[in-house]
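Notes for the one structure printed next.
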Amino acid sequence: MTMALLLTVAPVAVGAREATVTSPDGKLQVTINDEGGRATYTITLEGQPMLLPSALGFKADFGDFTQGLKITDTKAEQTDKCYEMRQVKQSHIHYVATLLTVNFENSKQQQMSMEFSVSNNDVAFRYLIPRQKGDNPKSAVILDESTAFSLPEGTTTFLTPQSGEMVGWERTKPSYEEEYKADAPMTARSQYGKGYTFPCLFKVQAPPTASEGASNAGKTRKKSNVAPSGAEEGAWVLISETGVSSAYCGSRLSDFQSNVAPSGAEGGAPGFYQIAYPMPGENNGNGTSAPGIALPGSTPWRTVTVGTTLKPIVETTIAYDVVEPLYEPTIDYASGRYTWSWLIWQDNSINYADQVKFIDLASAMGFELCLVDNWWDERIGRDRIAELSRYAQSKGVSLMLWYNSNGHENNAPQTPRNCMNNSIARDREMAWMQSIGVKGIKVDFFGGDKQETMRLYEDILFDANRYGLQCIFHGCTLPRGWERMYPNYVASEAVLASENVFFNEGAAIREPFDLTMHPFCRNATATMDWGGIIMNKYMSPDNKSRHPRHTTDIFEMASGITMQTAIQCVAMQPNNLQELPQFEMDWLRQMPTTWDETRFLCGYPGQYVVLARRHGDDWYVAGLNAQKEPLKLTLTLDMFPAKAQLKYYVDDPKTGQPVLTTLKLDKKQQARVEIQPNGGIIVQQ
């Protein structure tokens, strides 16, 4: 339901006015101001500044909406809606928010509006651009945005840099696979001088409030014997965007710009980050950096999630709350798990005999899918792929096929090429896949955020839906609300993923850091195909050579819970059937990949994380520790009965070997656990 609310615009200074919108619980407040002819906004949570005065506005080819602005009127209402999701962290979502539309006029009497949607821990806002006087223009090019984010002094960052365009292997970057840095100062320049990839996480140096400190997450950390230094101090801000379709480009944050606040007032803030559009060279120079839109039209939503603990950051659903499905699914798409030969066996495994081995592995484990990677058209051939698909189906397994997105976007040589980049070839290819029973595709090597590239994603998704195909993207940008917008979308890589654990030992050493970082940023805003719960001890087909995995088996198994995607890669190898303990294989056989509810219990980005997720009536609690010392925690597990005897998958502190034992809750539904370095735990009934 939607209820109209009354709101007045208040004068705050000579010639200036402001409008305020407050969350349903009254704790989160956004204030919009037009002082000095410049639109700014601030965000406070329980009176604490989350964002200082930050610039709003844009320049279009027909007008300048960065200066000479005044608020003319506002409209407020409340939204209360429920919707269902099949493939994200929560299945039934209830979104309650206060909506505020603020209308502006510039010095030439041209109009634009801003729409704010404010729920209890989330702010989403976008620009609405009408046709102007005389019903023109009917289209516009948005040249750049002033949209900025000014964080309080002393804020630290958890960010990954944007790479340059058309660099790296076969000129495939940006591929959104750069390293995160934790607890860095805002003033640190990004690694390549190109700013930062969404989502962007910040720790604001402010004391926590009593209300959220009394939450389950707060109780859990206070009970911990080991906790990161400073974990109880400060508040958190997660910045991203959602609702990006073929109608706009994707964006990122600029490098930190210091000295002058976005409002132009000296000393108003230590500095700011600004929305940045794609680089001209992306997509091999094809397409414009500035997006074009039909009028009346709107930009994507920028989102700001805030909390005095990390609980709202991990549990947010704002990426889906403010968008709507763009088309209906043609079939009931299924979740599942897949095997993947390429991660360890690499290109040499792309032959008929080896793919049969991984189909048989999937069948033995009860997994639903097997992914056949690059070069299959040349090394197996289309006729034999059809034969392979029939064999897979006879074993209760369906195939997914890898495709190159090229085209002309970069120099990646892998085939099949020239199949996904134009509608004629794509339609022919997808009809063939449907005819032989293929259930999904993984499309690689996009490299950019231009509107032209967003159109390619959307075209692939829409056409794939007509043939009942689900889509995973790799070498690609962050998905922005796509799980709700496109019903056959599964997940994107958009992260330094598991293949790098194979490629070099440095990435294998970093794996615990990475997988304790992503629940708080990359995976908090969108599904993530990290690409493999790795069960081999060594990164080789014989499981004896090359460098080792640096995580325990329980860490890897628990990562299947902490990493969220509806179709999860379990990167087992055929040799694992004889090598793994039976209880590990039994657990992997029953591991769910979809969730009805997610709860953050405790953690700190890049150090450790403990999450609880519910699938149907069954709860799974999973923890990872990236620290060098054992982590001792007292967890409140109120999703289980008091004094319950629970299954406890854990690493033996003396031998390091995985064990299945029992964890008993006390009458307060609490239990002490210990997570070994680079280790994990799983608790379930």
Side-chain angles (χ1 to χ4, degrees), residues 2-23 28-43 51 53-79 97-119 122-149 241 243 247-248 262-264 275 291 293-304 322-323:
T2 301
M3 299 178 292
L5 303 174
L6 296 177
L7 180 133
T8 58
V9 179
V12 292
V14 176
R17 294 193 288 181
E18 71 177 25
T20 299
V21 56
T22 304
S23 61
L28 178 59
Q29 181 172 293
V30 183
T31 302
I32 303 94
N33 191 293
D34 66 3
E35 185 174 357
R38 297 179 183 272
T40 64
Y41 72 111
T42 61
I43 299 177
L51 289 183
S54 303
L56 297 169
F58 61 89
K59 291 181 181 178
D61 56 351
F62 70 90
D64 185 348
F65 295 92
T66 65
Q67 57 186 337
L69 294 175
K70 64 179 181 180
I71 297 174
T72 57
D73 58 77
T74 66
K75 177 185 176 182
E77 56 187 5
Q78 192 169 54
T79 186
T98 307
L99 308 181
L100 175 68
T101 302
V102 183
N103 298 318
F104 290 89
E105 183 178 87
N106 67 11
S107 57
K108 294 184 178 180
Q109 297 185 316
Q110 294 173 312
Q111 314 294 319
M112 74 95 167
S113 301
M114 291 210 64
E115 185 177 7
F116 291 83
S117 187
V118 181
S119 56
D122 298 287
V123 176
F125 62 89
R126 63 178 177 174
Y127 299 98
L128 307 178
I129 309 172
R131 294 179 183 176
Q132 305 297 318
K133 292 180 180 178
D135 202 33
N136 273 313
K138 296 182 176 66
S139 63
V141 175
I142 311 303
L143 303 175
D144 60 67
E145 285 188 36
S146 297
T147 309
F149 306 87
E241 66 177 359
Y248 215 78
S263 64
I275 288 290
I293 62 174
L295 299 184
S298 62
T299 67
W301 296 91
R302 318 300 179 195
T303 64
V304 183
V322 292
V323 301

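For F65, the ring pair (Phe, Tyr, Trp, His ring centres under 6.0 Å) criterion is met by F58, F62, not counting sequence neighbours. Legend: residues meeting side chain to side chain donor-acceptor pair (under 3.5 Å) with D64, ordered by chain and number and at least two apart, are T66, Q67. When the side-chain contact (heavy atoms from CB on, under 4.5 Å) test is applied to T22, the partners found at least two apart in sequence or on another chain are T20, Q29. With sequence neighbours left out, the side-chain contact (heavy atoms from CB on, under 4.5 Å) criterion links T42 to T31, P53. Evaluation of the side-chain contact (heavy atoms from CB on, under 4.5 Å) rule for A247 yields S245 as partners, not counting sequence neighbours. Residues passing the side-chain contact (heavy atoms from CB on, under 4.5 Å) test with Q111, sequence neighbours excluded: E105, P130, Q132. Applying the side chain to side chain donor-acceptor pair (under 3.5 Å) test to K108 and every residue at least two apart in sequence or in another chain returns nothing. Scanning for side chain to side chain donor-acceptor pair (under 3.5 Å) contacts around N103 gives D73, S113, with sequence neighbours left out. Checked against salt bridge (charged side-chain N to carboxylate O under 4.0 Å, His left out), R302 has the following partners two or more places apart in sequence or in another chain: E145, E241.
Contacts classified as salt bridge (charged side-chain N to carboxylate O under 4.0 Å, His left out) and involving residues 124-133 (residues at least two apart or in different chains) are given here: E115-R126, R131-D135.
In this structure, I142 and I129 have side chains that are in contact, with non-hydrogen atoms separated by less than 4.5 Å. You'll find the side chain of T72 stays beyond 4.5 Å of the side chain of F104, heavy atoms only. A heavy-atom distance below 4.5 Å is found between the side chains of I32 and L100.
To the nearest 0.5 angstrom, E77 atom CD is 6.5 Å from T101 atom OG1. For the atom pair OG1 (T98) and CD (Q78), the distance works out to 5.0 Å, reported to the nearest 0.5 Å. Rounding to the nearest 0.5 Å places CG of L28 at 8.0 Å from CG of D122. Annotation: the span from N106 atom CG to M112 atom CE amounts to 9.0 Å, rounded to 0.5 Å. Rounding to the nearest 0.5 Å places CH2 of W301 at 9.5 Å from CZ of F116.
Looking at every heavy atom in both residues, A140 comes nearest to L295 through CB-CD1, 3.9 Å. When all heavy atoms are compared, the tightest approach of Y248 to T299 is OH-CG2, 3.6 Å. Here the shortest heavy-atom pairing between A97 and S117 reads CB-OG, 3.7 Å. Of all heavy-atom pairs spanning S119 and S23, the tightest one is O-CB, 3.2 Å. Of all the heavy atoms in A148 and S54, the pair that sits closest is O-CB, 3.2 Å. When all heavy atoms are compared, the tightest approach of T74 to A19 is CG2-CB, 3.8 Å.
Using the six-membered ring where Trp is involved, Y41 and F125 have ring planes that are tilted, between 30° and 60° apart.
For the pair D34 (side chain) and R17 (backbone), a donor-acceptor distance under 3.5 Å is present.
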